[in-house]
Every structure is written in structure tokens, then in C-alpha cells.
Amino acid sequence: MIQAAIARGMIVFSLTEHMPRDCNEDLYPEELAAHKYPFELFRAFQDYYNTALRLRSRYQHQIQLPIGFEVDYIRESSIALIRNLQSIYKFDFFVGSVHHVHTIPIDFDKDMYQKAMDLAGGTEERLFEAYFDAQFAMLEALKPAVVGHFDLIRLFCADPTKGLKHYGDGVWQRVERNVDLVVSYGGLTELNSSSIRKGWDEPYPRRDVCELIIEKGGRFTLSDDSHAVEHVGLGYQQVLAYIGTLDLKEIHYLEKLPMGEIAVNVLDACAVRSLSLDELKRERFWEL
């Protein structure tokens with residue numbers, strides 16, 4: 001994947017493996033089928049970290065490789081686990097994400113989405129409220145440098161193109177509250193292209209949320225959310241076109257600070273850099 005990013009002309013490619021889960025009931029069906037246990041997830045996470053450090057040393061003269069992880073807020077006790085992982089491994093940053101509502105995955109398949117909705121009260125309005133409340137709890141406790149797929153809850157909903165305002169004031173007020181919090185501490189929100197390979201015509205977040213973030217002075221970063229070599233940079237052409245339809249002036253990214261360097265605009269151990277839209281369009285990536 002790093003080699004693919006280099007070949008595509010990327011200047012920075014963040015490594016953000018998913019955090020391990022520490023409860024048997026949080027294992028996914030394929031993990032259960034393979035007789036996996038949480039301790040194996042922790043061992044794989046250790047291997048990821050060690051491998052990431054080794055590969056950064058090998059490729060650091062060709063591409064910037066901030067090393068982080070993607071958190072997964074499942075329940076209140078997730079916060080302590082996340083903080084413990086960060087203290088052990090000293091990651092450069094982490095992506096703050098929510099993939100569960102009432103401990104049920106909402107982006108795995110439609111059956112689990114429906115189960116989460118039933119637990120939330122039986123309607124998408126109640127489910128969305130619960131999702132954004134979980135997201136707020138994660139944001140408030142951790143203040144992640146990058147907020148992952150802000151509106152992931154829409155992936156399996158009845159109509160992903162339906163604006164969140166149509167789900168009632170309770171949903172939209174929660175969205176505004178969460179955006180205000182991210183803006184208040186200077187966090188970056190992903191423009192995440194993985195939704196395009198999953199059938200959407202727009203990245204996460206969709207236009208209504210993007211326009212709100214822009215209105216409130218929020219900042220965005222690009223993410224392909226790649227889980228395989230063929231996903232690296234996938235959908236970025238569509239994202240660039242999407243950006244062109246928004247009143248967005250620049251894109252931001254994280255750069256690991258060299259030893260001894262001090263930057264004014266810092267999230268975790270990374271400086272926040274920016275590219276104007278014109279500068280972004282001139283990057284070699286778009287020519288290859």
C-alpha cells in the first residue's frame with residue numbers, strides 16, 4: 001500500500017489500523033468463524049505498529065508516513081482502552097470514529113443496522129440521534145485530530161441522499177453540536193472516498209454536513225480509507241470534483257514533526273499543513 005501511494009505521487013500517506021476490541025461480544029462474524037479471540041487482535045495490533053515503524057524508516061525519504069490508529073467508540077469503557085493504547089504505543093495521531101450504536105455495528109450489513117435501529121427505538125430518527133450522541137461522547141473525551149467518516153450512520157439507511165434535517169431537529173441539532181466541538185479544538189474532518197466504492201455518489205460526509213462544517217469554519221483532510229492496495233487513492237478524482245462544487249478554499253493534512261521542531265498549529269504529534277485548492281490540483285498525483 002505504501003508503494004502504491006508512492007507510485008501514485010502522494011506526498012503523505014497516513015497509516016491508521018483499526019484498534020483491537022477487548023470483548024468477545026464485539027468480534028465480527030468472520031472473526032468468530034475463524035475462532036479469533038481479542039488477545040489475537042491485540043497481537044496483530046502490536047505487529048502493525050512494529051511493521052509501520054520499520055516501513056517508515058525504509059520509505060521516509062520518498063513519502064511522509066504519520067503512524068496512527070483508528071479508534072472505535074463502542075461503549076463508555078472504550079475511552080480507557082483508547083487512552084491506554086495511545087500511552088503504550090505513542091502514535092502520532094488517531095482517527096476518531098464510531099461504528100456501533102448500542103454496541104451493534106451499523107456499517108457491517110443491513111441486518112445488524114436493523115438490529116441497532118430496533119434497540120434505538122425502531123426508527124432511523126432515534127438511531128441517528130443515538131449515533132451522534134455516541135460520536136459526541138467520543139469527541140468530547142478524546143478530541144481526535146481527525147474525525148472519521150462523520151455520517152457513516154447513513155450507509156445502510158433507507159435513503160442516504162436524504163438530508164439530515166429531514167430526520168427532525170433532534171438529529172440536526174446533534175450534528176451542529178458535534179461540528180461545533182470539532183471546530184472548537186481545531187480537528188480535521190475526513191473527506192472520505194470509501195463511500196464511493198460502496199455505491200454513493202458523494203464522499204462522507206455528504207453535502208449537507210460539509211456545507212455546515214464550511215459555514216462554521218471547519219477544516220477537511222482527504223482519506224481513501226483504504227483496506228487494500230487497490231483502494232489507495234480510489235475515488236479521489238470524484239472527491240476533487242465534489243470539492244469543486246463546495247465553497248472550500250483549502251485542504252489540510254498532518255505532517256509528523258521532526259525532532260525538536262515546534263509548530264503553532266499542532267494536533268497530537270503532527271503539524272497541520274494546508275494546500276489551497278489550486279495547489280492541490282497541481283500535485284503530481286492527478287497526472288498519473
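The first residue of the sequence shown is numbered 1, and numbering continues consecutively from there. It should be emphasised that the depicted structure is a prediction, and the values quoted were computed from it without experimental measurement.
- Judged purely by distance below 3.5 Å, without hydrogens or angles, the side chains of E70 and H149 pair a donor atom with an acceptor atom.
- Screening D169, D133, D151 for a salt bridge (charged side-chain N to carboxylate O under 4.0 Å, His left out) with R174, the sole residue that qualifies is D133.
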- Query: Yes or no on side chain to side chain contact (heavy atoms under 4.5 Å, CB included) for I153 and V98, after CA distance, side-chain angles and deciding distance?
  - Reply: CA-CA 9 Å; I153 189 62; V98 175; over 6 Å; no
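- The closest side-chain heavy-atom distance from K198 to P160 is not below 4.5 Å.
- Rounding to the nearest 0.5 angstrom, the gap separating the CD1 atom in I74 from the CZ atom in R21 is 6.5 Å.
- V95 is not listed as a side-chain neighbour of P144, based on a closest heavy-atom distance of 4.5 Å or more.
- The closest side-chain heavy-atom distance from L142 to Y73 is not below 4.5 Å.
- Note that the CE atom of M117 and the OG1 atom of T123 stand 7.5 Å from one another [nearest 0.5 Å].
- Remark: K216 NZ is packed, more than 12 non-hydrogen atoms of other residues, nucleotides or ligands lying under 6.0 Å away.
- The local environment of OH in Y185 is crowded, with over 12 non-hydrogen atoms from other residues, nucleotides or ligands closer than 6.0 Å.
- Under the 3.5 Å distance criterion, the side-chain polar atoms of Q135 are matched with a main-chain donor or acceptor of F150.
- If you take NZ on K281 and CD on E283, they are separated by 13.5 Å, rounding to the nearest 0.5 Å.
- Placement of F13 and F93 in two distinct hydrophobic clusters is found when ILVMFWY residues are connected by side-chain heavy-atom separations under 4.5 Å, directly or transitively.
- At a threshold of 4.0 Å, the pair R206-D201 counts as salt-bridged, since one of the basic side-chain nitrogens sits closer than that to a carboxylate oxygen.
- In this structure the side chain of R207 reaches within 4.5 angstrom of the side chain of Y242, judged on heavy atoms.
- Between the side chains of E17 and Y49, no donor N or O sits under 3.5 Å from an acceptor N or O.
- When every heavy atom of F220 is checked against every heavy atom of L248, the shortest pair comes out as CD1-CD1, 3.7 Å.
- Counting only N and O atoms by type, the side chains of Y113 and E124 include a donor and acceptor under 3.5 Å apart.
- Ring-centre distance between F156 and F108: not below the 6.0 Å cut-off.
- Residues L27 and Y37 approach most closely at CD1-CA, 4.3 Å, considering heavy atoms.
- Within the 4.5 Å cutoff, the side chain of R58 has heavy atoms near those of the R54 side chain.
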- Task: Give the intermediate values and the outcome of side chain to side chain contact (heavy atoms under 4.5 Å, CB included) for residues D72 and H18.
- Result: CA-CA 7 Å; D72 194 0; H18 286 264; 5.6 Å; no
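- The backbone N or O of Y28 lies less than 3.5 Å from a partner atom in the side chain of E31, making a donor-acceptor pair.
- Between P205 and L191, the shortest heavy-atom distance links the atoms CD-CD2, 4.3 Å.
- Between the CD1 atom in I106 and the NE2 atom in H100 there is a gap of 8.5 Å [rounded to 0.5 Å].
- Contact annotation: the side chain of T103 never approaches that of E25 to less than 4.5 Å [non-hydrogen atoms, C-beta and beyond].
- Residue-environment remark: CD (Q46) exceeds the threshold of 12 foreign heavy atoms within 6.0 Å.
- With rounding to the nearest 0.5 angstrom, the CG atom of L246 is 8.0 Å from the CD atom of E202.
- Annotation for L85 and F42: closest pair CD2-CE2, 4.3 Å, computed over non-hydrogen atoms.
- Within the 3.5 Å criterion, the main-chain N or O of Y204 finds no donor-acceptor partner in the side chain of R154.
- Counting non-hydrogen atoms of neighbouring residues, nucleotides and ligands closer than 6.0 angstrom, the NZ atom of K143 exceeds 12 such neighbours.
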- Between S194 and N192, is a side-chain hydrogen bond (donor to acceptor under 3.5 Å, both in side chains) present by the stated rule, with each step listed? CA-CA 6 Å; S194 69; N192 184 320; 2.7 Å; yes
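- For an aromatic pair to be called close, the ring centres must be under 6.0 Å apart, and F91 with F45 satisfies this.
- Under the 6.0 Å cut-off for aromatic ring centres, Y48 and F69 do not qualify, their centroids lying 6.0 Å or more apart.
- Residues L254 and V12 do not share a hydrophobic cluster, defined by chaining ILVMFWY side chains whose heavy atoms lie under 4.5 Å apart.
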- For R83 and Q86, what are the C-alpha separation, side-chain angles and deciding distance, and is it a side chain to side chain contact (heavy atoms under 4.5 Å, CB included)? CA-CA 5 Å; R83 287 175 174 158; Q86 179 70 341; 5.7 Å; no
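- If you take NZ on K249 and CG on L277, they are separated by 9.0 Å, rounding to the nearest 0.5 Å.
- With S195 contributing its side chain and L155 its backbone, the two residues share no donor-acceptor pair below 3.5 Å.
- Both M10 and L15 are assigned to one and the same hydrophobic cluster, defined by single-linkage of ILVMFWY side chains at heavy-atom distances under 4.5 Å.
- When all heavy atoms are compared, the tightest approach of D224 to S193 is CA-OG, 3.3 Å.
- Ion pairing between a basic and an acidic side chain is recognised when a charged N comes within 4.0 Å of a carboxylate O; R284 and E287 show no such pairing.
- Although no hydrogens or angles enter the test, the distance criterion places no donor-acceptor pair under 3.5 Å between the side chain of W286 and the main chain of Y236.
- The residues D92 and K90 are annotated as not salt-bridged, no charged nitrogen and carboxylate oxygen being separated by less than 4.0 angstrom.
- Contact record, S226 with V232: CB-N, 3.9 Å, taken as the closest heavy-atom pair.
- With a 6.0 Å radius and a threshold of 12 heavy atoms from other residues, nucleotides or ligands, E76 has its CD atom at or below the threshold.
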- Task: Please report the C-alpha distance between E215 and E176 in whole Å, then the side-chain angles of each, then the deciding distance to 0.1 Å, and finally whether the side chain to side chain contact (heavy atoms under 4.5 Å, CB included) criterion is met.
- Result: CA-CA 11 Å; E215 175 190 328; E176 286 193 291; 5.7 Å; no
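- When atom types are taken as modelled, the side chain of R219 and the backbone of G186 share a donor-acceptor pair closer than 3.5 angstrom.
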